**Q** 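Structure provided below as structure tokens; questions to follow.
In this text the structure is predicted, and so the values were computed from the model without any measurement. One-based numbering along the sequence shown.
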Amino acid sequence: MLNFKSPKALVFALIIIYNLLAARTVSSQGQLQVGFYSKTCPNAESIVSSVTQKTFERDPGSAAVLLRLQFHDCYVEGCDASILIDNGEEGERKASGNLGVGGFEIIAEAKAKLEGICPGVVSCADIVALAARDAVALVKGPFYEVPTGRRDGKVSSKSLADNLPEVDDSIQLLKSKFRQKGLSDRDLVLLSGGGHTIGLTACFFMQVRLYNFTPGGGSDPAINPEFLKQLKSKCPFQGDPNTRIPLDPVTDFIFDDQIFLNIKNGFAVIASDARLYDDENTKQILESYVSSAVGNSSSSGPLPSFKADFAKAMVKMGNLGVKTGSEGEIRRVCAAVN
């Protein structure tokens, strides 16, 4: 037994405790791996893929919905499916930054099928990550390996979602919010801007940009004048806030780098996309993908691949705050804790 009256013994004991805690942390992180369910539920990924594909065949817009769902889940309390918990007006779903987020019923359908063959095995958090990957692939985006082994969180609170990125945030604030999560400026360009290559937005999110961007009711000067007319015609002042328009009007159901050309040329639909051109670093990153899209050569080396880089950013985001090992739980129903 250690004699803690001895300074050397005390230091030695603290070193042992530190090493044990460090080993526990590494072990917990190491439990997230590709093929985590290969023995416990071999058909897990194919079942999620099947549900995602059938939903997509009925509604191609579901791809963007599932992609957005993972981002909003991971940004609050980590990738733990906390956004799926339906616990009333004070729940995470009801946060202002989660307005319009959907796809809950798709995840619930996949979960129900998995519970039928592998009860208590596959987490809702992993289903969210796998469904987002499969959705991206269905719209001609990259297919990437998703490390699994996440466990589900037990906490869902609207107050914890106060710091979600907002559509009218400045570029400085957007960069700050991403950095707080360990995400880089490149991740911001890829996940926020690049992620908007598919999907729709509501006119509700356009009001400030179109009618109250500057004192006196001016519009965002970053909008191409002709495009501004189009946007105002689709989202008139005090019109229906639920009217939806494509985030990428050129190739709205195809996962490609057209969104970056749109932003550069003043055809960004929402303000947060346009803001990527306000900062020198995010502007340079964005323009590197524009150069790649149009095939311009680069004297500084090979051009980046948007799809390959997006896949890396998704895997990185999917690791945010994951719960593994004995943390959290495996929910039987994704909308409620056990």
**Q** Quick check against the 3.5 Å criterion: does Arg186 have a side-chain atom that pairs as donor or acceptor with the backbone of Ala313?
**A**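 No; zero donor-acceptor contacts below 3.5 Å.
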**Q** Is the Lys NZ or Arg CZ of Lys140 less than 6.0 Å from the centre of Phe255's six-membered ring, within 45° of the axis?
**A**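 No - Lys140 does not lie over the ring of Phe255 by the 6.0 Å and 45° rule.
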**Q** Within the structure provided, determine whether Val136 and Pro142 are in side-chain contact (heavy-atom separation under 4.5 Å).
**A**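 A side-chain contact under 4.5 Å exists here.
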**Q** Can you get from Val48 to Phe71 by hopping between Ile, Leu, Val, Met, Phe, Trp and Tyr side chains that sit under 4.5 Å apart?
**A**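 Yes, one cluster joins them.
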**Q** Kindly say whether Ser46 contributes a backbone atom to a donor-acceptor pair with the side chain of Ser50 at under 3.5 angstrom?
**A**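 Flag not set: sc Ser50 to bb Ser46 has no pair under 3.5 Å.
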**Q** Does any N or O in the side chain of Asp152 come within less than 3.5 Å of the main-chain N or O of Ala125, such that one atom is a donor and the other an acceptor?
**A**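 Indeed, once roles are kept as given, a pair shorter than 3.5 Å links the two residues.
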**Q** Is there a donor-acceptor pair closer than 3.5 Å between any side-chain N or O of Asp134 and the backbone N or O of Thr52?
**A**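 No; zero donor-acceptor contacts below 3.5 Å.
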**Q** Would you call Glu90-Lys94 a salt bridge at under 4.0 Å N-O?
**A**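 Result for this pair is no, no salt bridge flagged.
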**Q** Applying salt bridge (Lys or Arg N to Asp or Glu O under 4.0 Å) between Asp187 and each of Lys316, Lys175, Arg179, Lys177, report the one that passes.
**A**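 So the option named by the test is Lys316.
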**Q** Considering all heavy atoms of both residues, which atom of Phe104 and which atom of Ile83 are nearest to each other, and what is their separation?
**A**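 Minimum heavy-atom contact is CE2-O, 3.6 Å.
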**Q** For a quick test of reading the model, state the closest non-hydrogen atom pair linking Leu276 to Gly193 and the distance between them.
**A**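 Closest heavy-atom pair between Leu276 and Gly193: CD1-CA, 3.7 Å.
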**Q** Tyr37 and Asp126: side-chain donor and acceptor closer than 3.5 Å?
**A**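 Result is yes, a qualifying pair exists.
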**Q** Just do the side chain to side chain contact (heavy atoms under 4.5 Å, CB included) check on Leu160 and Glu92 with the steps written out, would you?
**A** CA-CA 7 Å; Leu160 295 174; Glu92 185 178 322; 5.8 Å; no
**Q** Out of curiosity, Arg209 CZ to Asp273 CG, how far, rounded to the nearest 0.5 Å?
**A**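 Those atoms lie 8.0 Å apart.
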**Q** Are the side chain of Asn224 and the backbone N or O of Phe227 linked by a donor-acceptor pair below 3.5 Å?
**A**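 Yes; judged by distance alone, with no hydrogens or angles, the pair exists.
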**Q** Quick one, Phe213 with Ser219, criterion side chain to side chain contact (heavy atoms under 4.5 Å, CB included). Give me CA distance, side-chain angles, the key distance, then yes/no.
**A** CA-CA 5 Å; Phe213 190 82; Ser219 304; 5.5 Å; no
**Q** Thinking salt bridges, do Arg133 and Glu45 make one under a 4.0 Å N-O criterion?
**A**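 Yes.
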**Q** Look up atom CG in Leu191 and atom CE in Met314, then write down how far apart they are to the nearest 0.5 Å.
**A**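 Here the interatomic distance stands at 7.0 Å.
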**Q** Is it true that the side chains of Glu77 and Ser82 contain a donor and an acceptor less than 3.5 Å apart?
**A**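 The criterion, which ignores hydrogens and geometry beyond distance, is not satisfied for Ser82 and Glu77.
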**Q** Under the 3.5 angstrom rule, does the side chain of Glu115 hit a backbone N or O of Val333 as a donor-acceptor pair?
**A**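 Judged by distance alone, no pair lies under 3.5 Å.
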**Q** Is there a side-chain contact between Ile106 and Leu69 in this structure, where contact means two heavy atoms from C-beta onward sitting under 4.5 Å apart?
**A**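 Counting from C-beta outward, Ile106 and Leu69 never come under 4.5 Å.
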**Q** So for atom CZ, which belongs to Phe204, do other residues, nucleotides or ligands contribute more than 12 heavy atoms lying within a distance under 6.0 Å?
**A**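 At most 12 heavy atoms, drawn from other residues, nucleotides or ligands, come within 6.0 Å of this atom.
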**Q** Among Leu67, Asp248, Ile270, exactly one meets side chain to side chain contact (heavy atoms under 4.5 Å, CB included) together with His196. Which residue is that?
**A**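 Considering Leu67, Asp248, Ile270, a side chain to side chain contact (heavy atoms under 4.5 Å, CB included) with His196 is found only for Ile270.
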**Q** Do NZ/NE/NH1/NH2 and the carboxylate oxygens of Asp220 and Arg275 come within less than 4.0 Å?
**A**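 A salt bridge links Asp220 with Arg275.
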**Q** Under 4.5 Å between any side-chain heavy atoms of Asn262 and Phe260, yes or no?
**A**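 No, every pair of side-chain atoms sits at 4.5 Å or beyond.
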**Q** Do the side chains of Ser96 and Glu166 get nearer than 4.5 Å, heavy atoms only?
**A**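 In short, these two side chains touch, coming nearer than 4.5 Å.
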**Q** If two hydrophobic side chains count as joined below 4.5 Å and joins carry through other members, does Leu286 share a cluster with Ile223?
**A**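 Hydrophobic grouping puts Leu286 apart from Ile223.
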**Q** For the backbone of Glu287 and the side chain of Ser291, can you confirm whether one donor and one acceptor N or O come within less than 3.5 Å of each other?
**A**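 Checking the backbone N and O of Glu287 against the side chain of Ser291, a donor-acceptor pair under 3.5 Å is found.
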**Q** Mind running salt bridge (Lys or Arg N to Asp or Glu O under 4.0 Å) on Glu327 and Arg150 for me, showing each step along the way?
**A** CA-CA 9 Å; Glu327 300 172 313; Arg150 300 167 186 79; over 6 Å; no
**Q** Would you call the rings of Tyr75 and Phe178 parallel, tilted or perpendicular, where under 30° means parallel and over 60° means perpendicular?
**A**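 Taking Phe178 first and then Tyr75, their aromatic rings sit tilted (interplane angle of 30° to 60°).
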**Q** Would you compute the distance between atom OG of Ser156 and atom CG of Asn87 and round it to the nearest 0.5 angstrom?
**A**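 So the gap between those two atoms works out to 4.0 Å.
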**Q** To the nearest 0.5 Å, how far apart are CD1 in Ile47 and NZ in Lys111?
**A**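 The distance works out to 11.5 Å.
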**Q** Could you measure the distance from the CD atom of Gln284 to the OH atom of Tyr289? Nearest 0.5 Å is fine.
**A**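 Output value for this atom pair is 13.0 Å.
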**Q** Do Leu228 and Ile245 land in one hydrophobic cluster if side-chain heavy atoms of ILVMFWY residues count as linked below 4.5 Å?
**A**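 Yes; Ile245 is reachable from Leu228 via cluster members.
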**Q** Any heavy-atom pair between the side chains of Asn319 and Cys79 that's under 4.5 Å?
**A**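 Contact flag for Cys79/Asn319 side chains = no.
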**Q** What is the minimum heavy-atom distance between Ala131 and Leu66, and which atoms define it?
**A**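 Looks like O-CD1, 4.1 Å.
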**Q** Any side-chain heavy atom of His72 within less than 4.5 Å of one from Leu164?
**A**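 Yes, at least one pair of side-chain atoms sits under 4.5 Å.
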**Q** Decide yes or no for Leu174 and Leu188: does some side-chain heavy atom of the first lie under 4.5 Å from some side-chain heavy atom of the second?
**A**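 A side-chain contact exists here, since the closest heavy-atom pair is under 4.5 Å.
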**Q** Can a side-chain donor-acceptor contact be found between Gln180 and Asn163 if the only test is distance below 3.5 angstrom?
**A**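 Distance-only check passes for Asn163 and Gln180.
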**Q** Taking all heavy atoms of Asp309 and all of Pro304, pick out the closest pair and write down the distance.
**A**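 Residues Asp309 and Pro304, closest heavy atoms: OD2-CB, 3.6 Å.
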**Q** If you look at every heavy atom in Gly199 and Ala64, which pair is closest and at what distance?
**A**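 In this case the closest contact between Gly199 and Ala64 is CA-CB, 3.3 Å.
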**Q** Test side chain to side chain contact (heavy atoms under 4.5 Å, CB included) on Val122 and Ile330; report intermediate values, then the result.
**A** CA-CA 7 Å; Val122 183; Ile330 303 297; 6.0 Å; no
**Q** Should the pair Asp256-Lys307 be classified as a salt bridge under the 4.0 Å nitrogen-to-oxygen rule?
**A**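 Salt bridge: no.
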**Q** Applying the 4.5 Å side-chain criterion to the ILVMFWY set and letting contacts propagate, would Phe143 and Val51 be lumped into a single cluster?
**A**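 Different clusters.
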**Q** Which atom names give the shortest non-hydrogen contact between Ile198 and Leu247, and what distance separates them?
**A**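 That closest heavy-atom pairing would be O-CD1, 3.8 Å.
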**Q** Can you check whether Leu261's main-chain N or O pairs, donor with acceptor, with Asn265's side chain at less than 3.5 Å?
**A**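 Side chain of Asn265 to backbone of Leu261: a pair is present.
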**Q** Please check if the side chain of Thr197 supplies one atom and the backbone of Gly194 the other of a donor-acceptor pair under 3.5 Å.
**A**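 No, Thr197 side chain to Gly194 backbone: no donor-acceptor pair under 3.5 Å.
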**Q** In terms of hydrophobic clustering (I, L, V, M, F, W, Y; side-chain heavy atoms under 4.5 Å; direct or indirect links), are Leu130 and Val101 co-clustered?
**A**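 In one cluster with Leu130: Val101, yes.
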**Q** With a 3.5 Å cut-off and no angle check, do the side chains of Gln238 and Tyr211 form a donor-acceptor pair?
**A**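 Side-chain D/A pair, Gln238 to Tyr211: absent.
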**Q** Under the salt bridge (Lys or Arg N to Asp or Glu O under 4.0 Å) test against Asp80, which residue among Lys323, Lys154, Arg151 passes?
**A**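 Of the listed residues Lys323, Lys154, Arg151, the salt bridge (Lys or Arg N to Asp or Glu O under 4.0 Å) partner of Asp80 is Lys323.
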**Q** For the atom pair CG (Leu173) and CG (Asp168), what is the distance rounded to the nearest 0.5 Å?
**A**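 Reported to 0.5 Å precision, the distance equals 11.0 Å.
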**Q** Do Gln33 and Pro147 come within less than 4.5 Å of each other through their side chains, counting heavy atoms only?
**A**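 Answer no - side chains too far apart.
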**Q** Got more than 12 heavy atoms from elsewhere within 6.0 Å of NZ, Lys312?
**A**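 It does not: Lys312 NZ has 12 such atoms or fewer within range.
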**Q** When you measure from the side chain of Arg93 to the backbone of Gly102, do you find a donor-acceptor pair of N or O atoms at a distance under 3.5 Å?
**A**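 Answer holds: no.
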**Q** Dump the intermediate steps for side chain to side chain contact (heavy atoms under 4.5 Å, CB included) on Val121 and Leu114, then the final yes or no.
**A** CA-CA 8 Å; Val121 174; Leu114 287 165; over 6 Å; no
**Q** Would Glu226 and Lys229 pass as an ion pair if we require N to O under 4.0 Å?
**A**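 Salt bridge: yes.
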